[in-house]
Structures are given as structure tokens and as C-alpha cells.
Amino acid sequence: QQQQQQQGYMVDSQGDRTKLLARGLRLASLTGDQAARHPLDIATVGESEAPLSLLATSSLISSSPLHSSIRLPTAKPKPPTSVHGRSRHMKPGTTGGRMSRSKSSKGSAGIVDQPLTFRSKVKSSGYASSSAPQRMFMPNTGKGKKASRGGSSGSASDRVRGAQALAAHIQKHRPGSRDLRGRTPLGPVPTSLSDSPPSQLGATAVLEKDIGILALALSSSGDTLATAMADRSIHTRSSKLSGDKPSHVGAGHTATLSTVSWSSANDLLISSSLGSAEVCIWDPVKMVEPIVSMTASRHNMGAQWKQGEPNPQFKHLTAAQFYYMDKFILTCHSNVVSLYNYHIDTKVDDIKRYANKSRYSLVTSLKRDAAQSFSTAAAVNNFHSHLVFAGGSDKAITIFDMNRGEIARVIANAQKKPINVFEFNSHGSTAATGAPSAYDVFLTAATGDGLAMWDLRANECTRRFTQHSSRAFKLGCSISSCGRFVATGSEDKSAYIFDTRTGGVLHKLGGHTDVVTDVAFHPRANRLLTASLDGKLRVFIDGS
């Protein structure tokens, strides 16, 4: 067993061995100075004795909150208006076109409105006889070809090839499909990985002069990016940062933005603000005003829905995102993690534009009493995962099992400071398929305590990255699609790229004139995007 542990395996009491760390990381390498990390106190709750995985490895239980779906309020049908005990609506066979008189119970005469019809057709454009349709010009595409006996042109081999091409086209463009030639609906799968991370400046874009960028989010396809600005607005634009196409700008928050993220289908954006405690859902193309604005903590169904149930406003909201492949909305406020159903009304009425029929309702809320407040909460949305991670004032990592609706595990003393960023290695679900164990590696960041890399299966901090400057600002981080590189912003006006195998610094990317607040690896190309408080976006490409 000791020999197996030195080789990077974890041995349990029964002698079974499981690979301990993903991508070649081993506990045996974490000796000496690298092993000088904080002691971990793993508290288990509920079903935490079973091994945890970010990938959903079991089916939903019958009482799982993830079965829930939204129930929209139904309007009560209005009873037909009657006059003197008779319906205003005409009965079959009733002759229309007259204004009938009827007597009330007191004998007074009155005029009753009736639907107006005509005894004969009125000659108009709708009833006028139209001329026979004329046959317009049609190209003679079958010239020179002989029709077969079955009535279709072409030989049997041509028809077979056409059917095969049609089937291949349908399979290629089916949502979530993946053919055997190494392509996905988002493009070709990378066949080789570069030995060097992106380090050469490719392009620069200024979104708003003297307005800082607080957060950055790339769509799963990598084509579009969204930024949360210091002036409380949301910008979307091409990730290439080239051309003269302006950004789409949306304004709807009244306080400092905390998070911005994409839906799995890349058709919606969600953002949250701190002071006003508001969650907004946006159309990334029509960034004029939010589609849905969530301010109440339970629902927006109206006062008549579930009467007597309190519906207070959000307090101390810190994060919001889509969850479970866009089926739910996940929020974090105070020391509570909440799950919501939602319905987006796609009908657009310019006259009644403020009569929004989009709805949301609370599914469940999970609370941890030991934490005074949660500074952030996050989960994987690109594939089905039952786990939600939260970090708070207790400096611990709280893992919720949303399938069972309980706390699955608590890792105490995870970092010296409260965790305010979670980053998952979830690019592979949309760009390339990785080993299942690769998804169990994730990052945490804490202001004043740098980055930490974790392996969920072993409950161990496998690497620590503290070479960058992180003392006052919330700094974002990112894991490359290949899993070999980790990038983070820094307060010394630079971005850092680390090697996950050694923990050393590979590149220090400069050029910004203020704090680099967030970074993002492109999911399908060897590129890195950086955002800064100087209002500039930069893209770094492969310098090899």
C-alpha cells in the first residue's frame, strides 16, 4: 500500500485503489515546501460517505428538487355577461343584424347589443373573384436528364449518396450531437495541444474610457464575450476584439455588479448586483433592458399566487447563474443557496412592452447556520451536475447535493480568507471530451490568499499559486481546455499563467495600466482574454 501511495494512488481499508489526482498530479510531489498548506478538517454530512463527483453519476431520486418545473398562474375564465337572464352571445340559428328589444322585470324597454352580421355578402376586395394565378418563370433544372420509372431523377447510387448526405447533415446539426470525425456543433475538436500557453498580444479593445471592467464571461462557443462594467452596465461583443462593430450595451442595475455569466445555450445572460440585490436576465442581442428582473426572494407571480406566504426582497445577494443546463437559476444570498424555476416570455409587444409575462418561482433553499454569510456560490452548467459549491465567512468550502437537498460535505479551513471565486474545468463538455476524472479538478480564489487547486475525489489541495498580487480586489481565474495551464489577474497590472504540473509561473503578461480583474481562456483556441480596471480588453495568442 505504501508503494501504491507513492505512485499516486489512494488506498482504502479494503485494499482497493483509485487514482488520486487528475492530469498527472500526485500527492507524492507535494512534499517539502509545497505541502506547507493549511490543515484540512473535512466534515461530512448526510450522504457524504459516498465519493463525490461533479459529473452526475446517479439518477435523480423521487423527491429530488431537480424534478421541479415551473407552474404558471392561470387566469380565471370570465363568465359570459348576460342580460335579463339570457346570454349576450347569440345561440346557433339566431338571426343577426337587428337591434332587439327586451323588457325588464319592471316592464321598461331597453336595447340589447347583438353581434353585427350581414344577410348577404358585401362585395369587397375579400369577396371579389380573383384571376387565375399566373405561372411565373421557373428554371428548367431537369433539362437533359431522363426520369426513372419511379418518377425520381438520377440513378440508384445517386439516391443512396443523397440519402447518406442528408442523414449525415441531420446528425451533424442535431443539438448535442458528435460525429466520429472529431467535430462538434461548435466546430472542430482540437487534435493537438500547444506546449506553450498564449503569451503574444493579439488585439486590444477599449469598451469605455476611464470605466473599469469588473468581470468577464466567454460564451461556451468562444465567439462572444460579456463584461460587467463599473458603471453598472453590461456589454457584449465579439471575442476577437477586431473590427468596428460596437458593443451591445444593457443598463438595468442600480448597484455595483458582482457576477455575469452565460447560459449553456448561449442565448441568455444573467447578472447580479450587490447593493440593490437584483438579478437580471438579458437577451445578448437586444441589450436594451433586462427580460426578467428578480428582486423578490420567492416569486414574481403576483399577490394572488400563494396568498399569505411572505415574499421578502433579496438581502446580501452575492452571486447568480444558470444551473443544470439552463433548467434552473441558482442564487446566493446571506448564508442561503436558492434554486428557482423560470419561464421566459418570448412574445414581443411594443405597445404593451412593460406587461412582462416572464415568471420565476422558488424551488428550494439550503442554508448553513455555521456560516454567517456566503461570499459566492457556483456550479457547473455545461453538463448535468448535482453539486453546488459555496464559500463564505467561515473560510470553508460547503458542497450542497441538490439531488438530495442537503449538505454533502464541508471542507473547513480551505483558505486563510473567505473564498470569493470558484472556477471549474468544464470546457471539455462543449469543445472536447476529457477524462471523467478531469472534471473533478477546480480552483478557488480568496482575496489576500491567492489561488488553490483542489481534487474533489481526494478532498485535497493539490496546488497553491501565490506568486501574483492579491490584497484588495476580487480577481478572476480560468483553467485552459487542456487542463495544463491556470491564469489569473493581478493587482500589479499584469496577468499570470501558471503550470498546473509544477505550480510555477510560465508567463507574466503586461500592458494594462490598472488592476487586471478577470481572465478567460478561449474554449476552442489557444487564446487568453484579460480585462482590467483601465477599461481595456486584451487578447493574447500563441506566441510559438
Side-chain angles (χ1 to χ4, degrees), residues 205-220 222 224-239 241 246-263 266-295 314 316-322 329-333 375-378 381 420-423 445 447 472-478 487-491 495 512 514-521 528-539:
V206 180
L207 295 186
E208 293 289 344
K209 190 176 181 180
D210 299 329
I211 298 179
I213 304 173
L214 302 180
L216 171 68
L218 262 176
S219 61
S220 59
T224 313
L225 62 88
T227 55
M229 308 297 292
D231 63 350
R232 306 168 187 174
S233 63
I234 303 292
H235 289 230
T236 61
R237 63 167 299 152
S238 171
S239 62
L241 306 186
S247 302
H248 298 284
V249 182
H253 289 279
T254 58
T256 303
L257 295 170
S258 57
T259 59
V260 59
S261 60
W262 290 86
S263 63
N266 300 327
D267 57 348
L268 293 174
L269 271 173
I270 188 169
S271 59
S272 62
S273 56
L274 295 172
S276 62
E278 184 178 18
V279 177
C280 292
I281 300 177
W282 308 81
D283 183 345
V285 178
K286 302 176 181 179
M287 294 287 292
V288 179
E289 57 187 13
I291 304 174
V292 182
S293 181
M294 300 172 57
T295 56
F314 281 119
H316 308 292
L317 181 70
T318 55
Q321 69 163 82
F322 293 103
I329 293 176
L330 179 71
T331 65
C332 174
H333 53 98
S375 52
T376 188
N381 185 45
N420 51 23
V421 174
F422 284 96
E423 177 68 14
T447 303
F473 290 89
K474 174 184 175 182
L475 304 177
C477 55
S478 180
T488 181
S490 180
E491 295 177 6
H512 287 286
D514 210 330
V515 177
V516 178
T517 55
D518 206 353
V519 296
F521 277 108
L528 177 69
L529 285 93
T530 61
S532 172
L533 291 180
D534 59 9
K536 294 181 180 179
L537 288 168
R538 288 175 176 265
V539 56

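In this chain, numbering begins with 1 at the start of the sequence shown. The shown structure was predicted, so the numbers you read here are calculated from the model rather than taken from an experiment. We use all heavy atoms of the structure for the numbers below, so side chains are in, but hydrogens, waters and symmetry mates are not.
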For this session: List in chain and number order the residues that pass side chain to side chain contact (heavy atoms under 4.5 Å, CB included) with S233, two or more places apart in sequence or in another chain; answer none if no residue qualifies.
Result: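 Residues passing side chain to side chain contact (heavy atoms under 4.5 Å, CB included) with S233: M229, D231, H235, V249.
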Name all residues meeting the side-chain hydrogen bond (donor to acceptor under 3.5 Å, both in side chains) criterion together with [X]; count only those two or more places apart in sequence or in a different chain, and write none if there are none.
| X | result |
| --- | --- |
| T376 | none |
| N381 | D326 |
| H253 | S271, S273 |
| S272 | S258, T259 |

With a 4.5 Å cut-off on side-chain heavy atoms, are [Y] and [X] touching?
| X | Y | result |
| --- | --- | --- |
| S375 | T318 | no |
| I234 | T227 | no |
| T236 | W282 | no |
| L330 | F322 | no |
| S261 | L269 | no |
| L214 | T256 | yes |
| V279 | S293 | no |

Donor-acceptor under 3.5 Å ([X] side chain, [Y] main chain):
| X | Y | result |
| --- | --- | --- |
| S478 | A520 | no |
| E289 | A251 | no |
| T517 | L533 | no |
| S238 | L241 | no |
| N420 | K474 | no |
| W262 | A217 | yes |
| S532 | V515 | yes |

If you round to the nearest 0.5 Å, how far is [atom2] of [Y] from [atom1] of [X]?
| X | Y | atom1 | atom2 | answer |
| --- | --- | --- | --- | --- |
| F422 | C477 | CZ | SG | 10.5 Å |
| R232 | L257 | CZ | CG | 9.0 Å |
| D267 | S219 | CG | OG | 11.0 Å |
| D283 | I291 | CG | CD1 | 5.0 Å |
| E278 | T254 | CD | OG1 | 5.5 Å |
| T447 | L475 | OG1 | CG | 6.5 Å |

For this session: Could you point out which residue of L225, T530, L529 forms a side chain to side chain contact (heavy atoms under 4.5 Å, CB included) with L537?
Result: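 The side chain to side chain contact (heavy atoms under 4.5 Å, CB included) with L537 is passed solely by L225 among L225, T530, L529.
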Exercise. Would S490 and V516 count as a side-chain contact (heavy atoms from CB on, under 4.5 Å) if you check the C-alpha gap in whole Å, the side-chain angles of each, and the deciding distance to 0.1 Å?
Worked result: CA-CA 5 Å; S490 180; V516 178; 5.6 Å; no
For this session: Mind running side-chain contact (heavy atoms from CB on, under 4.5 Å) on L274 and L317 for me, showing each step along the way?
Result: CA-CA 6 Å; L274 295 172; L317 181 70; over 6 Å; no
How far apart are the closest heavy atoms of [X] and [Y], and which atoms are they?
| X | Y | answer |
| --- | --- | --- |
| L216 | A531 | CB-CB, 4.3 Å |
| H333 | T331 | CD2-OG1, 3.8 Å |
| A378 | Q321 | CA-OE1, 3.4 Å |
| G476 | V519 | O-CG2, 3.9 Å |
| F473 | E491 | N-OE2, 2.9 Å |

Problem set entry | Contacts of type ring-ring contact (aromatic ring centres under 6.0 Å, His included), residue H512, not counting sequence neighbours | none
